[in-house]
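Step one of this worksheet: look at the structure below.
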Protein chains: 2
Amino acid sequence: MPAYQRIAAEYRNKIASGALRPGDRLPTEQEVAHAYTVARQTVRQGLATLVAEGLIVAQRPHGYFVRQREHMVYRPQAESRPQPASPEMDRYFQQISSEGRKPSQTIEISLVPASPEIAQRLDVPEGQTVVARRRVRSINGEPVNTNDTHFPLDAVKDSDIMSPEDIPQGTNQRLAELGFAQVRAIDEFFIRMPTPEEVHRLDLAAGTPVALHIVTGYTAEGRPVRCTLNVLPGDRHVIVYEREWE
Amino acid sequence: MPAYQRIAAEYRNKIASGALRPGDRLPTEQEVAHAYTVARQTVRQGLATLVAEGLIVAQRPHGYFVRQREHMVYRPQAESRPQPASPEMDRYFQQISSEGRKPSQTIEISLVPASPEIAQRLDVPEGQTVVARRRVRSINGEPVNTNDTHFPLDAVKDSDIMSPEDIPQGTNQRLAELGFAQVRAIDEFFIRMPTPEEVHRLDLAAGTPVALHIVTGYTAEGRPVRCTLNVLPGDRHVIVYEREWE
DNA sequence: AAGTGGTCTAGACCACGAT
DNA sequence: TCGTGGTCTAGACCACTTA
């Protein structure tokens, strides 16, 4: 086995076994190089492996540190099924609930040409102008996820959905008041590495994959009236659904 | 901007714009090094960035190639809600349905001590013996995902769930016949990079994240009787749910 | 000023799969 | 045998943060 893989394996095992705990610092590159009698570049290759696996993070000039994941519960069903139905679910939320955090968000409204993904799901021609309501949601000032909702222009024009302010009752409720109540939605999840733009917008560490959650909402007539793209960093979320047999 | 980032950006843009299409080959490291007048290691660093992003893959000794993703539809609701309810959903499956593929699977049964994750969800002491039914599901001989279901030993002992063979009607049906019909389930999804063991078992390319899908099934009495860990490679799946307003 | 990781070079040899 | 990417070295200089 190559030297860099042996180095990666050593620290991977130490992290898995708990010998190194989240927040702990690793030895410096030079110290590892001496310990293994290899060049510094070889050490860097080994540690880069663990960075790509999301196990450690380099914080210059402090050193390498073991990462931690904190999973906020992300529950797509919340908007269509406000109360959890089962006692198991209540228990789940009790265990993983968050306390004493300060949520905040930024909102931008823009008119944009529909990308292929949006156009297909909203059933409009590619490039047609749609309304985009882009949000970054944060907790304690740190970005947690993004939420970019797209509406057909004719559905929401002249409404307050187009103003870049919080809509307390929610855009779904406002959309319903405009005559476009949603009765059905399709959720899709794509798992991939983030784009550089997403890395910047969400301040992602290397080795952090994301889930792209696409929601398409339909009226009773079967018309799609909303397409939301949520970007969920893997180190900050657990996605939860509740299901019953029919 | 460092040279290796310029190199990464060039090919990232070419892939995003379609100038390089899935399956296309990139120039060799040496060619890129000459083009940018940099050392080969610098080129390697740039291309390694794109490998980690999942955009390209190195196939020695053939060169670097643009990756492709083929998303099989993964529908957790299928086991509890056999028919899609909405016309939008039918359309979805028509668009992304798979044709003419040969599915296959391997099955292993073992008795294992419950890991913390399993023990917590099955509500048994950590380390208690549980039955594990481990499967690798393949299409055309290529692994697609893994499915490791765990049962409390007392629920399934002496039943054919413990034989390493296909159970045509499904383990949920057999479990129901044993008196443990499931009426409710919780789905959890964790997004992360794969472990080296998962990379090996599923033959994953570098830069491929996975979703860990954990299903916990409950009887009408609220007893958990099954905990399944599915590992879904991001380049092979789209996870789909259908939702209705209540 | 010191020490960390980040970038880069110019070489070397190796492993592997095609031809 | 050839050309590809994979591993490794011994150096160099830089950017950044903290002491």
Side-chain angles (χ1 to χ4, degrees), chain A residues 1-12 14-15 20 22-67 196 199-200 203-208, chain B residues 1-12 14-15 20 22-67 196 199-200 203-208:
Chain A
M1 186 184 286
Y4 82 94
Q5 287 185 21
R6 287 202 307 274
I7 294 170
E10 170 182 342
Y11 291 102
R12 190 188 293 118
K14 284 192 175 176
I15 293 169
L20 280 171
D24 283 357
R25 197 193 143 175
L26 275 66
T28 68
E29 294 177 349
Q30 200 166 134
E31 287 166 348
V32 179
H34 282 133
Y36 280 83
T37 332
V38 296
R40 188 180 146 223
Q41 281 291 2
T42 303
V43 176
R44 283 182 61 74
Q45 194 176 355
L47 298 184
T49 304
L50 301 186
V51 170
E53 288 175 14
L55 295 179
I56 65 175
V57 61
Q59 285 178 1
R60 191 176 55 166
H62 303 293
Y64 290 89
F65 295 85
V66 180
R67 286 183 65 174
V199 168
H200 174 255
D203 193 24
L204 301 178
T208 306
Chain B
M1 183 183 286
Y4 81 94
Q5 287 184 21
R6 288 202 308 273
I7 295 170
E10 168 181 342
Y11 290 102
R12 189 189 293 117
K14 284 192 174 176
I15 292 169
L20 279 171
D24 282 358
R25 198 193 143 173
L26 276 66
T28 68
E29 294 176 350
Q30 199 166 137
E31 288 166 347
V32 179
H34 281 133
Y36 280 83
T37 333
V38 295
R40 188 180 146 224
Q41 281 290 3
T42 303
V43 176
R44 283 181 62 74
Q45 195 177 356
L47 298 184
T49 304
L50 301 186
V51 170
E53 288 175 14
L55 295 179
I56 64 175
V57 61
Q59 285 178 3
R60 190 177 54 166
H62 303 293
Y64 290 88
F65 295 85
V66 180
R67 286 183 65 174
V199 168
H200 175 255
D203 194 23
L204 301 178
T208 306

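What you are looking at is a predicted structure, and each value in this text was computed from that prediction instead of being measured. Chain identifiers are assigned alphabetically (A, B, ...) following the order of the sequence lines, protein sequences preceding nucleic acid strands; residue numbering begins at 1 within each chain.
Atom pair A:Q41:CD and C:dA10:C1' shows a separation of 13 Å (rounding to whole Å applied).
Side-chain contact check for B:Q41 and B:Y4: no donor-acceptor pair (N or O, by modelled atom type) lies under 3.5 Å.
In the set D:dG5, D:dT9, C:dA10, D:dG5 carries the atom at the smallest distance from any side-chain atom of B:Y64. Distance from the side chain of B:P61 is smallest to D:dT4 among C:dG6, D:dT4, D:dG6. Looking at the side chain of B:R40, the nearest of the listed nucleotides D:dG5, C:dG5, D:dA10 is D:dG5. Among the nucleotides C:dG11, C:dT7, D:dG5, the one closest to the side chain of B:P2 is C:dT7.
Distances shorter than 4.0 Å separate none of the side-chain N or O atoms of B:Y36 from OP1 or OP2 on C:dT9. Between B:T42 and C:dT9, a side-chain N or O to OP1/OP2 separation shorter than 4.0 Å is present. Applying the 4.0 Å criterion to OP1 and OP2 of D:dT18, one finds that A:H62 has a side-chain N or O inside that range. The side chain of B:Q45 contributes an N or O atom lying less than 4.0 Å from OP1 or OP2 of C:dT7. OP1 or OP2 of D:dG6 has at least one side-chain nitrogen or oxygen of B:R44 nearer than 4.0 Å.
Using a 4.0 Å heavy-atom criterion, one finds that B:Q5 contacts the sugar-phosphate atoms exclusively.
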Full working for salt bridge (charged side-chain N to carboxylate O under 4.0 Å, His left out) between B:E10 and B:R6: CA-CA 6 Å; B:E10 168 181 342; B:R6 288 202 308 273; over 6 Å; no
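Residue-to-nucleotide contacts include no donor-acceptor pair under 3.5 Å from the side chain of A:R60 to the base of C:dG3.
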